[in-house]
**Student:** 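Just passing along the structure, written as structure tokens.
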2 protein chains.
Amino acid sequence: MSDLTIGDVARESGIKINTIRFYEDRGLLPAPPRSAGNRRLYDPAAVARLRFIRHARELGFGLPAIADLLRLAGHPEAPCAAADAIARQQLAEVEARIRSLSALRAELQRMADCGAGSTADCHVLESLGDHSLCAGPHES
Amino acid sequence: MSDLTIGDVARESGIKINTIRFYEDRGLLPAPPRSAGNRRLYDPAAVARLRFIRHARELGFGLPAIADLLRLAGHPEAPCAAADAIARQQLAEVEARIRSLSALRAELQRMADCGAGSTADCHVLESLGDHSLCAGPHES
DNA sequence: GCTTGCTCCTCCAGTGACTGGAGATGTTAC
DNA sequence: GTAACATCTCCAGTCACTGGAGGAGCAAGC
């Protein structure tokens, strides 16, 4: 009936088969029951869980953060503060990246616009070498 | 004179010693001359180059893209026609990156706006779950 | 000259988050 | 029955580092 193979789940979640097994290994997805022939048999809820993981990955969350999020999702009575903090931390990082990229884009646009001249007056190196242009997010 | 050790360069550029050697190995930094005792002796220009690399890495560029950028910025005499294509290609990449990061930011902002309560009425997990909320996953 | 303590050298293994392949087995269609 | 495909486990490789082992260079103090 609603038993899905790993291939079905991969198609529906948009996550590759090997990656699904990898997530299982990392504890993000519970190990599903197996068929007589040792194939994984998934519950449709696994698709939702994988879509959750995929979306979180696209948003830049690391697997440990996603594991936290999933644990919180499993305990709806828990305070929201922890999930909120994770999101806020990501947000700060994303905003810093956008600021830095906007500065770089300006320089690249200048270069692309430089017409018949040389690159001598392009300031990409300065732009990227200058600390003051970025919000200086060291590591994540 | 102005010969710097790898430690000096690491301190001034904010890149770790091992990473500097790694960049040398990958061809992003030219192999510097050595002292009698086999230590690397850097020119101050190496610091600028490393700061450039560091910043570009923080912006999410891969090492091959950074090599392109360095070639572009490091040859001011190069005819613009040759540089133009690289610049435009990098620009397209930067713009795509900004677009996806902006979408991401909107979502994280929405997520971070969750009112203080329990995860039951927190939107973080809902927005990450897309439409198919991770409603009551049997244990975490 | 000797020791202490730091820096630096090379080489190699490990990380995170996958990705892809080998070789074997299960399942399905004709 | 057999061909084609899906899946299994295990393992190696990717990228961009990071850290450690084991050894050598070097400057200062005794």
Side-chain angles (χ1 to χ4, degrees), chain A residues 1 3-29 31-42 46-47 49-70 86 89-90 93 97 128 137-140, chain B residues 3-29 31-43 46-47 49-70 93 97:
Chain A
M1 38 219 60
D3 272 346
L4 304 166
T5 67
I6 197 169
D8 298 330
V9 169
R11 243 183 321 279
E12 286 183 46
S13 67
I15 296 179
K16 291 183 178 166
I17 288 176
N18 280 342
T19 306
I20 291 172
R21 291 196 277 250
F22 169 76
Y23 287 161
E24 179 183 322
D25 184 60
R26 287 297 184 276
L28 275 92
L29 197 65
R34 303 291 183 112
S35 73
N38 200 35
R39 272 83 206 283
R40 290 170 177 82
L41 294 177
Y42 291 94
V47 175
R49 197 175 177 95
L50 281 168
R51 278 210 271 247
F52 178 100
I53 294 170
R54 178 180 154 215
H55 202 158
R57 286 292 302 131
E58 284 167 0
L59 291 176
F61 291 93
L63 298 195
I66 295 172
D68 285 349
L69 247 18
L70 283 167
I86 295 169
Q89 206 221 319
Q90 290 294 320
E93 227 170 82
R97 280 168 167 262
L128 282 175
H138 35 60
E139 69 227 77
S140 57
Chain B
D3 274 347
L4 303 166
T5 66
I6 196 169
D8 297 332
V9 169
R11 244 185 320 279
E12 285 182 46
S13 67
I15 296 180
K16 291 182 179 167
I17 288 176
N18 280 342
T19 307
I20 292 172
R21 291 196 277 250
F22 170 76
Y23 287 160
E24 179 183 322
D25 184 60
R26 287 296 184 276
L28 276 93
L29 198 64
R34 302 291 183 112
S35 74
N38 201 33
R39 273 84 203 283
R40 290 170 177 84
L41 293 178
Y42 290 96
D43 191 89
V47 176
R49 195 173 178 95
L50 282 168
R51 279 210 270 247
F52 176 97
I53 295 170
R54 177 180 157 214
H55 205 149
R57 285 293 302 130
E58 284 169 0
L59 292 175
F61 287 92
L63 298 195
I66 293 172
D68 283 348
L69 241 24
L70 282 168
E93 258 175 52
R97 212 179 285 277

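Naming: A, B, ... by sequence-line order, numbering from 1 per chain. This is a predicted model, so every value here is computed, not measured.
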**Student:** Below the 4.0 Å mark, does C/dC9 have OP1 or OP2 next to a side-chain nitrogen or oxygen of B/Arg40?
**Tutor:** yes
**Student:** Measure from CZ on A/Arg26 to C1' on C/dC18 and round the result to the nearest Å.
**Tutor:**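 One finds 9 Å between C1' of C/dC18 and CZ of A/Arg26, rounded.
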**Student:** Measuring only between side-chain heavy atoms, which start at C-beta, is B/Asp25 closer than 4.5 Å to B/Arg21?
**Tutor:** no
**Student:** Does B/Arg57 make a side-chain N or O approach to OP1 or OP2 of D/dC17 shorter than 4.0 Å?
**Tutor:**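 B/Arg57 to D/dC17 OP1/OP2: side-chain N or O found under 4.0 Å.
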**Student:** Could you check whether any side-chain heavy atom of A/Arg49 comes within less than 4.5 Å of a side-chain heavy atom of A/Leu29, counting everything from C-beta outward?
**Tutor:** yes
**Student:** Go through residues 5-22 of chain A and report each residue with a non-hydrogen atom lying under 4.0 Å from DNA chain D, sorted by number.
**Tutor:** A/Thr5, A/Ile6, A/Gly7, A/Ile17, A/Arg21
**Student:** OP1 or OP2 of C/dC18 sitting under 4.0 Å from any side-chain N/O of A/Tyr23?
**Tutor:** yes
**Student:** Does some side-chain heavy atom of A/Ile66 sit less than 4.5 Å from a side-chain heavy atom of A/Tyr23?
**Tutor:**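 A/Tyr23 vs A/Ile66: side chains apart.
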**Student:** Any idea which of D/dA24, C/dC18, D/dA16 is nearest the B/Pro64 side chain?
**Tutor:**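 Nearest listed nucleotide: D/dA16.
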**Student:** Are the side chains of B/Leu69 and B/Phe52 in contact, using a 4.5 Å heavy-atom criterion?
**Tutor:**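 They are in contact (side-chain heavy atoms under 4.5 Å apart), so the answer is yes.
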**Student:** Which parts of residues 31-38 of chain A get close to DNA chain C, meaning a heavy atom less than 4.0 angstrom away?
**Tutor:** A/Ser35, A/Gly37
**Student:** Below 4.5 Å, heavy atoms only, C-beta onward: do B/Arg57 and B/Ile53 meet side chain to side chain?
**Tutor:**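 Of all side-chain heavy-atom pairs linking B/Ile53 with B/Arg57, at least one is under 4.5 Å.
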